[in-house]
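Take a look at the structure below.
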Amino acid sequence: MKETIESLLDHALDQLIADGMIETKPGLQVTRTKDAAHGDFTCNTAMMLAKQAGRAPREIAQSIIDALPDDASVEKVEIAGPGFINFFITQENTLSIINDIISGGERFGKSNAAEGEKVQIEFVSANPTGPLHVGHGRGAAYGATLATLMRAVGFDVDCEYYVNDAGRQMNILAASVWLRYLEVNEVTLTFPVNGYKGEYIYDIANSIKAQHGDAFVFPADEVFKDIHADETDGGGSNGGDKEKHIDDLITRAKHLLGTKNYQQVFKAGLDSILDDIRQDLEEFGVPYDNWYSEQTLADRGLIDKAVEQLQMAGHIEERNGALWFISTKFGDEKDRVVIRDNGQATYFASDIAYHMDKFARGYQRVINIWGADHHGYVARVKAAIGALGEKEDKLDILLVQFANLYRGGERVQMSTRSGSFVTLRELREEVGTDAARFFYVMRKCEQHMDFDLDLAKSQSNDNPVYYIQYAHARICSVIGQLSEKQLKHDIENGSQNLNLLTERHETDIISKLDAYADIVHKSAFNAEPHLLVHYLRELATLLHSYYNAHQFINDDSNLHDARFNLIIATRQILHNGLTLLGVSAPEKM
RNA sequence: GUCUCGAUAGCUCAGCUGGAUAGAGCGGCCCCCUCCUAAGGGGCAGGUCGGGGGUUCGACUCCCUCUCGGGACACCA
C-alpha cells in the first residue's frame, strides 16, 4: 500500500516539475500515521518543497493533491497541520490484509528483497577454554536471530564459528588440564594463578585418567623444578610473574610429556570443551553451518600467504626484526605487527588470513558480531581488508555491548579463569530458552544491557516473553472453545463480512497487522531484532485489550466469523514473529 | 590523552532515514472475573528528552561544545 502511495506522489511531482513549479524531487517520505485522525499514511513532501518553490507548504500540498492520479484504494486525501498530506485508505483495501495473512500462513512477512545475496555471519567464536557464559549468550542470541531475519527477507546466510584452537590460551588450557590430572593422581601441587580453575577442568582430567591411567604422571618436584615463581609464591609483594610461571609450565609439560602425549592432553581439553559449546548452542536454538578452525589457517599456509600478499602490495615494513603491516595507510591509528621478531605470527596475522579466506569463499557480504571489548580491533581488520583489495564496506562489524549481570541488586563479576561465572547453560536451565532468547534481543545490540538474573529466573509475569506467548495461547484457547461448544467458524463467510470489524480495537489491530511485513524488513536490513520484539509486544497488547473488550464467540454469525478471521490472522503474525525470534509460540500456557 | 557507545518518567528501556499533544513495561494508587485462560484489562499520578549553543517551517532525532557514565586503546590471545 505504501508503495502505491509513493508511486502516486511520484507521478504528481513529475507533473509539478512539468508545470515548472518545482525543479527537483526530494526523497519521498511516506509514513504510517500514529493517529487515526491523520488517516493511514502521511507525507511531508510539501513542506520540504516550500523553500525551493518559494511558496507556502499548504499551497504546494494542494497542487500536489490536484496532480495526484486517481486510485481506487485511496478513499480521500487531506491537507493537515503545517502541510502534511494525509491519505485515507478505503476500508476494503485495509481489510484485505486479513485475507493476505490467512492465505500466506507461515510464509507471510517473508520476501526475497535481498535477492539471495550470499552473506556470512560470524558470531560467538569464544575461545574454547571453558563453557560459554551469559556474556556469550547475547552474541549467540543476536547472531542467530539476525541470521533468521535475514533469511526471511531473502539473504542466503551461512553462520560460522571461528574456533581459536591455536595459540597461548589453548596451551594454558592444556597445562591446566594436565596439572589437574596430576592432582587427580594424588600429586600435591599449587595450581597456577593464571591457570583455568573451573570445575570442568577436573572433569576433563578425570576422563584422561580413565583412559590413560597414570601414564602422564610426573612427580611434583620434577614438574616445578626451576620454574619461574608464581605471583603468590614468596608471599606478599615479593611474588613472581604469573605469566612467566604459566609459560614455563607449558614448556615443561611439552618436555616431560613429549609431543605426542602433550597433544593428547591438549586435544582432550579442546574436544571436550568444544563439544560442550556445540551442544550448548544447539540447545539454545543457535545452529551453525560451519566451524572454522584457526589451526587450519596455519596448516594450509594461509597466514604466510596473507602476509606475502600484503608484502607484494607494498604494505609491509620490517622494523626491529619484526614485520609490520602499515595499517595507518588505511585509516588505522597505528601500524600493527604481523610477524614478531621471533618469527611467530601474531593473532592479527591469522585474523587477516581468516578474513581473506572469507572473501575467497565467495561471500558478497561478511558480518562479524563481536563483543564491545574488541572495538579497538575494527580499524585494523578493516584496514587489512582494504589492503587486500576488497571493499571495506563488504565487511560489517557489529559490536554487541556487554550485558551487565545483576543478582540481588549487586553487579556480578565474570571471569572464566577464576571459574566464578554464570554459564549460559545454567541460565537456560533456570529461565528457559524462550525467555533467554527473548531477553537478549530485547535491546538494540549497541545498547548496554542490565540483565537482572533474579528477574529473568523468576517465573513471574514480569518476563515479557510470557505476555506475547499468552496472547497466542489465548487465541488458540478461544478457537478450542469452538469445538467444545459445538460451534463453527466459516472462514469464507468471515472474509465476506470483514467490513463488520468497525470497533476501535479491531481497526487498531488491523493496521498493526498491516505493519508486520515492514517491521520484518526493517529489522532484517537494519540488523535490529528489537524492532520486531517491540512490535510483537504492541500487537499482544492490542489483542489482550480486544479480548477484554469484546466477545469473539458471537450470536451474530457474520460478526462471529469476521472476528475469528481477525484473531486467526493475529495468531499467525504472533506465531511468525516469535518464530523469527527463535521463541516458541505455545498453544497452551 | 585518543577512539567508541550511551545519558528520555522513581527503575529498565522504545521513539522508525527530523514531523503533528514524547511512548511502553516494572514500581505506586484506584477499579474490573455469575462472561471465550486475571500470565489479562481499564484508569490516575509521574518528563526543563544530561547542560548550553547552532541548522530548520519544525529537533528526543542532525552539527558544535561542555558535564557525567560503560568500554577499548600490547611484538596478549
Side-chain angles (χ1 to χ4, degrees), chain A residues 27 29 31-35 37-38 42-44 47-48 50-51 56-57 80-84 86 127 129 164 166-172 243 294 319-324 333-334 336-342 344-348 350-351 371-379 399 401-402 404 406 442-452 455 459-467 469-471 473-482 484-485 487 515 518-519 522-523 526 528 530-531 533-535 537-538 540-541 543-554 567 588-589:
Chain A
Q29 292 181 25
T31 48
R32 225 168 269 281
T33 56
K34 289 177 194 163
D35 186 340
H38 301 143
T42 187
C43 173
N44 59 3
M47 289 176 285
M48 295 175 74
K51 197 158 199 174
F84 290 103
N86 293 339
N127 282 345
T129 52
N164 297 116
R168 181 163 172 265
Q169 292 306 318
M170 291 309 297
N171 283 317
I172 294 177
E243 305 293 346
E294 178 188 2
R319 294 177 198 160
N320 306 326
L323 293 185
W324 294 69
E333 57 185 8
K334 57 200 256 190
R336 309 289 174 177
V337 173
V338 285
I339 305 290
R340 280 177 256 166
D341 58 4
N342 63 9
Q344 292 261 307
T346 60
Y347 183 83
F348 179 45
S350 39
D351 242 0
D373 55 334
H374 285 68
H375 149 256
Y377 224 73
V378 174
L399 296 177
Q401 293 291 334
F402 288 131
N404 294 321
Y406 287 85
M442 261 168 65
R443 310 265 175 263
K444 49 181 178 202
C445 70
E446 67 262 33
Q447 178 86 18
H448 297 114
M449 182 168 82
D450 288 333
F451 200 125
D452 185 334
L455 176 67
Q459 293 289 330
S460 78
N461 48 357
D462 296 345
N463 251 326
V465 62
Y466 294 139
Y467 183 84
Q469 290 181 318
Y470 183 44
R474 245 184 172 172
I475 297 171
C476 292
S477 168
V478 172
I479 291 167
Q481 289 283 319
L482 288 178
E484 273 177 42
K485 297 186 176 175
L487 295 168
D518 271 356
I519 292 288
K522 190 174 288 176
S523 297
N526 294 354
E528 293 181 329
H530 75 280
L531 295 178
V533 171
H534 287 281
Y535 170 86
R537 163 113 212 160
E538 287 159 12
T541 300
L543 187 278
H544 287 308
S545 181
Y546 182 33
Y547 176 92
N548 274 273
H550 301 285
Q551 195 76 11
F552 304 151
I553 295 173
N554 202 285
I567 62 170
K588 263 189 193 156
M589 286 179 75

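The sequence lines fix the lettering, A, B, ..., with proteins before strands; numbering per chain opens at 1. The basis for the numbers below is simple: all heavy atoms, side chains too, and nothing from hydrogens, waters or symmetry mates.
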Inset, instruction - Test for a donor-acceptor pair under 3.5 Å between the base of B:rG71 and the side chain of A:Asp373, counting only N and O atoms. - result: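 When only heavy-atom distances are counted, A:Asp373 does not reach the base of B:rG71 through any donor-acceptor pair under 3.5 Å.
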Legend entry - Distance-only donor-acceptor test (3.5 Å): side chain A:Asn86, base B:rA20: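 Present.
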Legend entry - Chi-based syn or anti call at B:rC16, which uses purine or pyrimidine torsion atoms and a 90° bound: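 For B:rC16, whose glycosidic angle is more than 90° from 0, the conformation is anti.
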If I pick the [atom1] atom on [M] and the same atom on [N], what distance separates them, to the nearest angstrom?
| N | M | atom1 | value |
| --- | --- | --- | --- |
| B:rG23 | B:rA9 | P | 14 Å |
| B:rA22 | B:rU67 | C1' | 24 Å |
| B:rG46 | B:rU55 | C1' | 33 Å |
| B:rG51 | B:rA59 | P | 15 Å |
| B:rC62 | B:rC68 | P | 23 Å |
| B:rA45 | B:rA24 | P | 13 Å |
| B:rG70 | B:rC64 | C1' | 24 Å |
| B:rG28 | B:rU65 | C1' | 39 Å |

If you only use heavy atoms from C-beta on, which nucleotide in [options] is closest to the side chain of [X]?
| X | options | answer |
| --- | --- | --- |
| A:Gln551 | B:rC35, B:rA20, B:rC3 | B:rC35 |
| A:Lys444 | B:rA39, B:rG41, B:rG15 | B:rG15 |
| A:Lys522 | B:rA24, B:rC35, B:rC16 | B:rC16 |
| A:His375 | B:rC3, B:rU12, B:rC36 | B:rC3 |
| A:Glu333 | B:rU37, B:rG15, B:rC73 | B:rC73 |
| A:Tyr470 | B:rU37, B:rC36, B:rC73 | B:rU37 |
| A:Ile553 | B:rG19, B:rC76, B:rC36 | B:rC36 |
| A:Ser545 | B:rG19, B:rG42, B:rU37 | B:rG42 |

Let me know the distance between [atom1] of [X] and [atom2] of [N], rounded to the nearest Å.
| X | N | atom1 | atom2 | answer |
| --- | --- | --- | --- | --- |
| A:Leu543 | B:rU37 | CG | P | 13 Å |
| A:Arg537 | B:rG41 | CZ | P | 8 Å |
| A:His550 | B:rG41 | NE2 | P | 15 Å |
| A:Met589 | B:rG40 | CE | C1' | 12 Å |
| A:Leu487 | B:rC36 | CG | P | 13 Å |
| A:Leu399 | B:rC5 | CG | P | 9 Å |
| A:Arg340 | B:rA77 | CZ | C1' | 9 Å |
| A:Gln344 | B:rA77 | CD | P | 8 Å |

Please determine whether a side-chain nitrogen or oxygen atom of [X] lies at a distance below 4.0 Å from atom OP1 or OP2 of [N].
| X | N | answer |
| --- | --- | --- |
| A:Tyr547 | B:rG42 | no |
| A:Thr42 | B:rG19 | no |
| A:Arg474 | B:rA38 | yes |
| A:Tyr466 | B:rG40 | no |
| A:Lys334 | B:rU2 | no |
| A:Gln401 | B:rA72 | no |
| A:His544 | B:rA39 | no |

If I take atom [atom1] from residue [X] and atom [atom2] from residue [Y], how far apart are they, to the nearest 0.5 angstrom?
| X | Y | atom1 | atom2 | answer |
| --- | --- | --- | --- | --- |
| A:Leu531 | A:Asp518 | CG | CG | 11.5 Å |
| A:Arg168 | A:Asn127 | CZ | CG | 12.0 Å |
| A:Gln401 | A:Asp373 | CD | CG | 9.5 Å |
| A:Lys522 | A:Tyr535 | NZ | OH | 13.0 Å |

Inset, instruction - Could you tell me whether the side chain of A:Thr42 and the main chain of A:Thr33 form a donor-acceptor pair under 3.5 Å? - result: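 Between the backbone of A:Thr33 and the side chain of A:Thr42 there is no qualifying donor-acceptor contact (under 3.5 Å).
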Legend entry - Any donor-acceptor N/O pair, A:Ser477 side chain to A:Ala473 backbone, under 3.5 Å: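 The answer is no, because no donor-acceptor pair under 3.5 Å joins these two groups.
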Legend entry - Along RNA chain B (nearest heavy atom to each residue), the more 5'-positioned of A:Gln481 and A:Arg32: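 Nearest nucleotide further toward 5': that of A:Arg32.
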Inset, instruction - Please tell me which of A:Gly81 and A:Tyr546 maps to the more 5' nucleotide of RNA chain B, matching each residue to the nucleotide holding its nearest heavy atom. - result: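 Its nucleotide being nearer the 5' end, the pick is A:Gly81.
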Pairing check on [N]: which nucleotide meets the Watson-Crick or G-U wobble criteria with it, both distances under 3.5 Å?
| N | result |
| --- | --- |
| B:rG1 | B:rC73 |
| B:rA59 | none |
| B:rA39 | none |
| B:rU21 | none |
| B:rA14 | none |
| B:rC44 | B:rG28 |

For [X], report the nucleic acid contact type (base, sugar-phosphate, nothing); a contact means any heavy atom under 4.0 Å.
| X | answer |
| --- | --- |
| A:Ala473 | base |
| A:His530 | sugar-phosphate |
| A:Asn320 | base |
| A:Asn127 | sugar-phosphate |
| A:Ala322 | base |
| A:Asp351 | nothing |
| A:Ala80 | base |

Inset, instruction - Please state whether the rings of A:Phe552 and A:Tyr546 are parallel, tilted or perpendicular, taking 30° and 60° as the class boundaries. - result: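 It falls in the tilted class, 30° to 60°.
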Inset, instruction - Heavy atoms only: give me the nearest A:Tyr466-A:Met589 pair and the separation to one decimal. - result: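 Here A:Tyr466 and A:Met589 meet closest at O-CE, 3.8 Å.
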Inset, instruction - Please report the shortest heavy-atom distance between A:His544 and A:Tyr467, naming the atom on each side. - result: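 Reported closest heavy-atom pair: NE2-O, 3.1 Å.
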Inset, instruction - With sequence neighbours excluded, tell me which residues meet side-chain contact (heavy atoms from CB on, under 4.5 Å) with A:Met47. - result: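 By the side-chain contact (heavy atoms from CB on, under 4.5 Å) rule, A:Met47 matches A:Asn44, A:Pro57, A:Pro82, A:Phe84.
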Inset, instruction - Could you tell me whether the side-chain ring of A:Phe84 sits stacked on the base of B:rA20, using a centroid cut-off under 5.5 Å and a plane angle under 30°? - result: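 So yes, this residue stacks on that base, both cut-offs being met.
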